[in-house]
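One structure is given here, and the rest of the page talks about it.
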Amino acid sequence: MTNLPGSSKAPRVFTDEWVAWLDSALSGCPVDPGVDLALEHRVTNEDGSVFCWHVRVAGGRASAATGPVGEEYADRRVSFASDRETAREVAEEGKSIQRAFAQGRLHLDGDPRLLIAARPAMDAIGAALSPPA
């Protein structure tokens with residue numbers, strides 16, 4: 001996920017600038033207006049600090065912001081946690097999320113059925129963030 005159609009190269013991952021770039025990329029991504037979900041990701045850096053950001057899908061729109069998602073999404077939140085290298089491999093190299101989870105490198109908190117129910121929205125987000133074929 002380094003370039004988007006019609007945009008410049010993405011900033012360094014897991015920075016405030018990257019999340020702003022991600023939000024801009026998602027602004028034109030139409031999703032099912034019936035989906036109301038938040039995906040939160042916490043990346044632990046080598047020094048033990050944590051960078052957190054989230055993607056909200058609501059009202060037919062996807063958006064990204066830094067920090068944890070609010071408590072209003074407590075029952076509609078799926079959280080991921082990983083080390084920086086695992087997150088980078090998924091974000092930049094397209095490595096398998098499922099494999100990282102199976103290897104214990106990616107941890108999930110929340111109801112995974114929310115992701116299954118929102119699959120078309122997740123596919124639309126993935127397509128919006130993929131470079132042109």
Side-chain angles (χ1 to χ4, degrees):
M1 183 169 56
T2 57
N3 290 306
L4 292 176
S7 70
S8 61
K9 187 171 176 144
R12 189 171 62 90
V13 294
F14 319 130
T15 62
D16 291 345
E17 295 79 15
W18 178 74
V19 174
W21 175 87
L22 186 62
D23 184 55
S24 177
L26 292 175
S27 68
C29 177
V31 293
D32 179 347
V35 174
D36 190 6
L37 169 70
L39 306 172
E40 186 176 276
H41 199 141
R42 296 177 182 275
V43 175
T44 302
N45 296 304
E46 291 177 4
D47 65 2
S49 65
V50 176
F51 183 77
C52 180
W53 81 93
H54 63 272
V55 172
R56 273 194 266 194
V57 181
R61 181 176 183 274
S63 62
T66 56
V69 70
E71 282 304 310
E72 70 272 16
Y73 273 88
D75 62 340
R76 298 181 315 277
R77 172 181 55 220
V78 177
S79 299
F80 299 94
S82 69
D83 60 76
R84 184 176 185 83
E85 182 60 19
T86 299
R88 188 198 61 74
E89 288 174 356
V90 170
E92 292 186 327
E93 298 177 15
K95 298 281 181 162
S96 169
I97 291 172
Q98 292 86 354
R99 176 167 282 153
F101 180 74
Q103 293 172 336
R105 296 176 63 202
L106 178 70
H107 305 279
L108 179 120
D109 184 39
D111 188 348
R113 293 175 296 184
L114 294 170
L115 293 174
I116 294 166
R119 176 79 189 254
M122 299 299 101
D123 289 345
I125 289 169
L129 297 175
S130 296

Closest contact, heavy atoms only, Ala62 versus Val31: N-CG2, 4.2 Å

For residues Val78 and Val57: do they belong to one hydrophobic cluster (side chain heavy atoms under 4.5 Å, members Ile, Leu, Val, Met, Phe, Trp, Tyr)? yes

Here the gap from Arg88 atom CZ to Arg12 atom CZ, rounded to the nearest 0.5 Å, amounts to 12.0 Å

Is the shortest heavy-atom distance from the side chain of Met122 to the side chain of Leu37 under 4.5 Å? yes

Say you draw a straight line from OG1 of Thr86 to CG of Leu106; how long is it, rounded to the nearest 0.5 Å? 7.5 Å

Looking only at heavy atoms, which two atoms of Ala74 and Arg77 are closest? And how far apart? CA-NH2, 3.9 Å

Tell me whether the count of non-hydrogen atoms from other residues, nucleotides or ligands lying under 6.0 Å of CG in Leu115 goes above 12. yes

Of Thr66, Val13, Val55, the one forming a side-chain contact (heavy atoms from CB on, under 4.5 Å) with Val19 is Thr66

Would you say Ser24's side chain and Trp21's backbone share a donor-acceptor pair under 3.5 angstrom? no

Using side-chain hydrogen bond (donor to acceptor under 3.5 Å, both in side chains) as the criterion, point out the one residue from His107, His41, Arg105 that pairs with Ser82. His41

Nearest heavy-atom contact between Ala64 and Asp23 is N-OD1, 2.9 Å

Has Asn45 got a side-chain atom pairing as donor or acceptor with Asp47's backbone, closer than 3.5 angstrom? no

Would you give the length of the straight line joining atom CZ of Phe14 to atom CH2 of Trp53, rounded to the nearest 0.5 angstrom? 4.5 Å

Grouping I, L, V, M, F, W and Y whenever their side-chain heavy atoms are under 4.5 Å apart, do Leu108 and Phe51 come out in a common cluster? yes

Hydrophobic clustering (ILVMFWY, side-chain heavy atoms < 4.5 Å, transitive) - are Val69 and Leu114 grouped together? no

CZ of Arg56 to CG of Asp36, rounded to nearest 0.5 Å, is 9.5 Å

Pair Leu26, Ser63 - check side chain to side chain contact (heavy atoms under 4.5 Å, CB included), show working. CA-CA 6 Å; Leu26 292 175; Ser63 62; 5.9 Å; no

Is it the case that atom CD in Glu46 sees more than 12 heavy atoms from other parts of the structure closer than 6.0 Å? no

Distance col, row His54:NE2 vs Arg42:CZ, nearest 0.5 angstrom, shows 11.0 Å

Spacing of OH belonging to Tyr73 relative to CG belonging to Asp75, to within rounding of 0.5 Å: 10.0 Å

For Pro30 against Gly28, the heavy-atom pair lying closest together: CD-O, 3.1 Å

